[in-house]
Amino acid sequence: MKLWGWPRSIRFQLLFGLLLLEAFSLLLFAFVLVRQQARETAERAQQRLEHQATSVAVQAEQALKDGHPDLIGVSVIMMGQAPSVEKAKVTDSQGNVLYVSDGSAGDQPLEPALLARIPRLTENKAYFFPINSNDWEGVRGIRQHGILYGYAWVKTDRNWDREQLYSILRSVAIFGIIWVAASIVLAWGLARSITGPLALLHRGTRALMRSPEGQTHFPLPVTVHNEIGELIENFNRMVASIEEQRAGLSDTLSLLDSMLANAPIGLAFFDRRCRFVRVNRIFAETTGIPLSRHLGRTVPEVIPTLVAHQLEKAVQGVFDQDKPVRDLEVTGSVELNARAWTWIVSAYPIHTTPSEVRWVGLIVMDASDRKRSEEALRKTEKLAATGRLAASIAHEINNPLEAITNLLYLLSNHAELQEPARSYVEMAEHEVRRISEITQQTLRFYRQSTLPARTNLSELLDSVLSLHQGRLRNLGITVERTYDSNTSLYCFAGELRQVFANLIGNAIDAMPAGGRLVLRARRSRDWSDPGKLGVRFQIADTGSGMTPEVRKHIFEPFFTTKEVTGTGLGLWVSSEIVAKHKGSMRVRSRAEHLGGNCGTIFELFFPDEHEPAVVTDAGVQVMPSAV
């Protein structure tokens with residue numbers, strides 16, 4: 001509702017409202033103050049009159065007592081000169097005026113209203129009589145030796161009382177004028193501090209509406225440090241944000257393109273005809289097809305038919321049902337005889353309006369490594385089961401072997417046994433001992449001690465070689481052993497047997513046409529820490545060797561160059577065992593296609609914290625370590 005005469009400007013609205021509030025407040029304050037002061041003035045006037053009448057009466061009684069009645073007139077005149085007293089007089093008990101403060105006593109008889117009140121003055125105290133609003137009298141009896149002599153009368157000057165009230169009102173008016181003036185000045189300054197920034201903000205808003213792309217008026221200056229200043233700062237930030245959003249739209253698109261191109265998963269987008277609209281680099285690398293061959297083409301034109309049909313079906317289903325498809329597993333290969341890959345595909349709708357699917361996005365995650373890892377784990381489990389079965393069979397073979405050994409021993413000591421038969425028995429004993437040794441080695445692989453112990457390395461290496469004796473002989477591989485039969489190491493024998501079995505097995509696999517296998521073991525020092533003693537092993541072969549690229553990945557789990565027989569876990573497990581023994585493993589290799597001598601050397605160092613001791617004539621001594 002628009003009020004007539006009410007100013008439109010915030011500044012004048014504040015001033016006008018403040019004036020109205022100040023005026024109303026001052027009027028209310030003056031009204032309350034005047035009423036309060038008038039009541040207090042009347043009370044003070046009554047008390048004053050009673051006191052003044054009592055003072056005149058007491059002085060008159062003293063004058064009569066001293067025998068100087070003429071002094072009563074002096075007291076009356078002195079009381080009449082008081083600023084608040086209009087007239088003072090003394091009458092006899094009948095009301096005849098004896099003394100008066102101004103003029104002759106005979107010319108100023110007592111008023112009838114006062115004469116009528118004399119009979120009421122029975123007590124020896126001061127009385128107050130308001131005759132009317134302008135005539136207030138105070139009276140007290142004058143007694144001499146208990147006998148009423150007369151009355152002392154005092155009439156107040158009401159103009160003096162009013163002047164006191166008017167003085168208060170003038171002070172209130174002056175204070176009100178000063179207060180209103182100060183309030184106007186303060187309000188004017190506050191209004192300027194409020195309306196000035198608001199006017200600036202208003203002009204800035206209008207400028208933004210007239211020219212959204214113009215920046216000549218911005219940022220607006222912040223001249224105050226309050227809520228309005230914060231409002232202007234927020235307005236400036238809003239304008240800057242709008243400009244940044246407008247100017248940075250292309251940057252945002254570039255950023256999205258960069259995210260699309262460098263996302264760690266494959267992304268592709270299709271239209272309703274299942275044509276590629278966008279693909280990222282990872283998707284192109286996953287398919288093995290350049291980016292330029294995707295855009296604008298259908299899925300069968302880029303990807304093998306079987307896989308393309310699965311993807312087309314998923315994309316078309318999202319277009320038709322407007323529902324995402326998740327975790328679709330797709331398997332195939334781009335080229336014939338190429339390594340197979342496995343994708344985990346999810347498709348989702350992209351809306352331009354709530355009811356229309358404009359594109360379909362495809363998220364592709366390459367699960368090939370995971371699949372190969374799962375396959376390797378299955379193979380490993382089969383190998384573990386086979387190992388357990390072999391250990392069980394070896395254990396069961398031991399019992400009849402022991403009986404056969406005993407029977408052969410009895411047969412060889414039979415007196416009637418002829419020479420040809422005796423040689424056959426010795427050959428049978430030899431083969432039985434060989435079978436027993438194989439079963440014992442098999443059980444050693446399966447049975448792992450829970451605590452380390454000092455192990456004879458010569459026996460350990462020989463036991464591993466005996467397991468591969470058949471393959472070494474069939475492939476024509478020459479074994480060269482260089483290690484002392486007394487060399488020992490404080491270790492987990494079963495774990496080291498597994499390490500050497502992996503390394504020797506790999507060396508044999510690398511020499512399908514025969515070659516040399518060299519095994520060395522000697523006491524040595526750690527080259528990185530000469531104070532650390534231990535045993536150094538070398539397993540070398542003259543096989544096909546490894547390329548630098550293969551050598552970088554040989555200790556990674558599930559990495560293998562043997563597609564059918566390999567699990568990719570042998571060297572990884574071996575490196576973990578070496579690390580468990582606080583040892584180190586180094587490898588040098590030269591591939592066959594690089595020319596020259598090829599082959600691979602694995603060098604292992606195991607620290608020996610429990611140095612072996614030997615007994616001599618001088619007592620127990622520590623066996624010296626060779627470097």
How far apart are the C-alpha atoms of Glu40 and Arg35, what are their side-chain angles, what is the distance that settles it, and do they pass the side-chain contact (heavy atoms from CB on, under 4.5 Å) test?
CA-CA 9 Å; Glu40 293 180 358; Arg35 285 178 59 88; over 6 Å; no
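- Residues Glu111 and Leu115 are not in side-chain contact: their nearest non-hydrogen atoms beyond the backbone lie 4.5 Å or more apart.
- Closest approach of Arg278 to Leu295, counting heavy atoms only: CA-CD2, 3.9 Å.
- Surrounding CZ of Arg326 are at most 12 heavy atoms belonging to other residues, nucleotides or ligands under 6.0 Å away.
- The two residues Asp271 and Val277 make their nearest non-hydrogen contact at N-CG2, 3.6 Å.
- Within the 4.5 Å cutoff, the side chain of Tyr127 has no heavy atoms near those of the Glu50 side chain.
- Between Phe128 and Trp136, the ring center distance clears the sub-6.0 Å criterion.
- Between the CD1 atom of Ile282 and the CD1 atom of Ile363 there is a distance of 14.0 Å, given to the nearest 0.5 Å.
- Here CG of Leu362 is found 10.0 Å from CD1 of Ile265. Values are rounded to the nearest 0.5 Å.
- Ring orientation note: the planes of Phe283 and Phe276 are tilted relative to one another, at an angle of 30° to 60°.
- Applying side chain to side chain donor-acceptor pair (under 3.5 Å) to Thr91 and the options Tyr151, Tyr149, Trp153 leaves one that passes, Trp153.
- Atom OG1 of residue Thr41 and atom CZ of residue Arg39 lie 10.5 Å apart, to the nearest 0.5 angstrom.
- The two atoms that bring Val56 and Val154 nearest to each other are CG2-CG2, 4.3 Å, heavy atoms only.
- When all heavy atoms are compared, the tightest approach of Glu556 to Lys552 is OE2-O, 4.1 Å.
- Summarising the local packing, NE2 of His51 is surrounded by 12 or fewer heavy atoms from other residues, nucleotides or ligands at distances under 6.0 Å.
- In this structure, the separation between OG1 on Thr298 and CG on Leu311 is 11.5 Å, given to the nearest 0.5 Å.
- No donor-acceptor pair closer than 3.5 Å links the side chain of Thr156 to the backbone N or O of Val85.
- Checking side-chain atoms of Ser25 against main-chain N and O of Leu21 turns up a donor-acceptor pair under 3.5 Å.
- Under the 3.5 Å distance criterion, the side-chain polar atoms of Asp92 are left unmatched by any main-chain donor or acceptor of Gly150.
- Nearest heavy atoms, His351 versus Asp322: NE2-OD1, 2.9 Å.
- In this structure, Leu49 and Glu137 have side chains that are not in contact, with every pair of non-hydrogen atoms separated by 4.5 Å or more.
- Remark: the backbone N or O of Arg143 is paired with a side-chain donor or acceptor of Glu61 at under 3.5 angstrom.
- Here the straight-line distance linking atom OG of Ser584 with atom CG of Asp526 works out to 5.5 Å at 0.5 Å rounding.
- Heavy atoms of other residues, nucleotides or ligands lying less than 6.0 angstrom from CG of Asp102 number 12 at most.
- Gln52 and Ser84 are linked by a side-chain donor-acceptor pair at a separation below 3.5 angstrom, with hydrogens and angles left out of the test.
- With salt bridges taken as basic N to acidic carboxylate O contacts below 4.0 Å, none links Glu576 and Lys580.
- The backbone N or O of Ala88 sits less than 3.5 Å from a side-chain atom of Ser101, completing a donor-acceptor pair.
- Between Pro349 and Lys323, the closest side-chain pair of non-hydrogen atoms is not below 4.5 Å.
- Two residues are said to be in side-chain contact when any heavy atoms from C-beta on lie closer than 4.5 Å; Gln144 and Lys65 meet this criterion.
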With side-chain contact (heavy atoms from CB on, under 4.5 Å) as the criterion, how do Ser346 and Asp327 come out once you've worked through the C-alpha distance, each side chain's angles and the decisive distance to 0.1 Å?
CA-CA 5 Å; Ser346 297; Asp327 299 334; 3.9 Å; yes
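- Ile350 and Val360 get closest at one heavy-atom pair: CD1-C, 4.4 Å.
- Salt-bridge annotation for Glu43 and Arg48: absent, with no side-chain N of the basic residue lying under 4.0 Å from a carboxylate O of the acidic one.
- Residues Pro324 and Val318 have side chains not in contact (no heavy-atom distance under 4.5 Å, counting atoms from C-beta outward).
- Counted within 6.0 Å of CZ on Arg170, heavy atoms from surrounding residues, nucleotides or ligands total more than 12; the atom is thus considered enclosed.
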Step-by-step side-chain contact (heavy atoms from CB on, under 4.5 Å) determination, Val34 to Leu169:
CA-CA 7 Å; Val34 168; Leu169 287 176; 2.8 Å; yes
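- Atom CG of residue Leu64 and atom CD of residue Gln59 lie 12.0 Å apart, to the nearest 0.5 angstrom.
- Proximity of Leu291 to Val279: side-chain heavy atoms (C-beta onward) are separated by under 4.5 Å at one or more points.
- Heavy-atom contacts from other residues, nucleotides or ligands closer than 6.0 Å to CD of Gln94 number 12 or fewer.
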